[in-house]
Amino acid sequence: MKMIALAGNPNSGKTTLFNWLTGSNQSVGNWPGVTVEKKQGLLRSNKQFMIQDLPGIYSLSPYTAEEVVSRKYLVEQTPDAVVDIVDATNIERNLYLTLQLMETGRPLVVALNMIDMLKKQQRKVNLKKLSYLLGVPVVGISALKRKNLPQLEQAMIAETQRKTTYSFPKYDDRLESALTMISQQITGIVSTERLRWYAIKLFERDEQVNQELNLTAEKSKEIEKIIITAEKVFQDTSDSIIVNARYDLISQFVKMSVVDETDFVVSMS
Ligand code: GDP
Ligand code: K
Ligand code: MG
């Protein structure tokens with residue numbers, strides 16, 4: 001049995017997609033220890049795949065119960081693939097989670113949902129370009145209008161067979177060099193596919209990851225030195241360096257792949 005997880009912001013269309021993928025083969029319960037709904041079901045078209053609906057989240061920080069559940073699942077249960085439902089009408093905000101899902105190192109497919117709404121917004125998304133920039137497959141769908149859903153199914157099944165890890169989108173050079181140095185400190189302690197996740201979390205001084213890795217005092221001190229140096233260079237705190245790096249990259253990607261047709265309207269005034 002292969003596991004495919006659905007992740008996305010609240011209201012991105014996860015439930016609509018989940019219901020279509022699973023038909024009536026669903027079970028609903030709670031995640032252990034919290035009153036966050038846990039829904040899973042077999043893929044209707046191929047019962048070798050189990051679809052796990054994750055709670056709607058904006059981030060993989062450890063602040064809300066929904067974030068904790070999703071993050072624990074993605075990092076500890078290691079699903080065979082993750083489908084990231086992105087609301088195409090709110091692409092900038094949704095891609096913030098996409099970058100974090102990529103950081104977990106799991107095979108990822110972006111389902112760009114609500115493409116039926118783009119016409120009204122007079123926007124067009126170049127899916128090939130967005131996919132190229134992110135380095136992951138992107139399928140444009142409408143969960144509500146049942147558009148391109150079989151194509152999405154194919155893409156997610158293909159992703160469960162992925163053998164290689166993908167290359168991560170690169171942030172600012174100065175940040176990347178700090179992340180490389182932190183990665184060197186934890187090479188051999190965490191698996192290669194998780195290096196980036198742990199390097200970023202250590203850079204953010206994530207308390208959960210610090211406890212989980214339980215590094216030697218010497219290593220922790222080396223890592224703290226790297227972080228402090230970066231904070232001096234950027235004149236900013238480490239967690240906001242990461243937040244800004246993600247938003248910078250997203251705005252570049254959106255500029256390159258989203259066409260706002262209202263930009264071309266000639267004003268006669
Ligand atoms: P969730 O919070 O991610 O589970 O999102 P839901 O599946 O509950 O969907 C949120 C709202 O968006 C509902 O009103 C859906 O009918 C609507 N919705 C979902 N997918 C689409 C879509 O492809 N196009 C449009 N126009 N609306 C959609
Ligand atoms: K909802
Ligand atoms: Mg829902």
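Every number for a ligand or one of its atoms is a count from 1 in the order of the listing.
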Full working for side-chain contact (heavy atoms from CB on, under 4.5 Å) between I141 and I115: CA-CA 6 Å; I141 64 164; I115 51 168; 5.6 Å; no
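For a threshold of 3.5 Å applied to N or O pairs, the pair formed by I141 and ligand 1 contains no separation below that value. Geometrically, ligand 1 and K145 share no nitrogen or oxygen pair separated by less than 3.5 Å. Checked against a 3.5 angstrom limit, the closest N/O atoms of M117 and ligand 1 fall outside it.
For the residues L144, I85, L149, the heavy atom positioned nearest atom 22 (C) of ligand 1 is part of L144. For atom 7 (O) of ligand 1, the candidate residues are T16, D116, N148; the nearest heavy-atom contact is made by T16.
Atoms of ligand 1 found under 4.0 Å from any heavy atom of T15, numbered from 1 in the order shown, are 1 (P), 4 (O), 7 (O).
With sequence neighbours excluded, the residues forming a salt bridge (charged side-chain N to carboxylate O under 4.0 Å, His left out) with D206 are R71, listed by chain and number. For S257, the side chain to side chain contact (heavy atoms under 4.5 Å, CB included) partners two or more places apart in sequence, or in a different chain, are K129, L130, L133.
A cation-pi arrangement is not found for R106 relative to W197, the charged atom failing to lie both closer than 6.0 Å to the ring centre and inside a 45° cone about the ring normal.
In the model, D116 has a side-chain atom that pairs as donor or acceptor with a side-chain atom of S142 under 3.5 Å.
Counting backbone and side-chain atoms alike, N11 contributes no N/O/S atom closer than 2.8 Å to the Mg ion (ligand 3).
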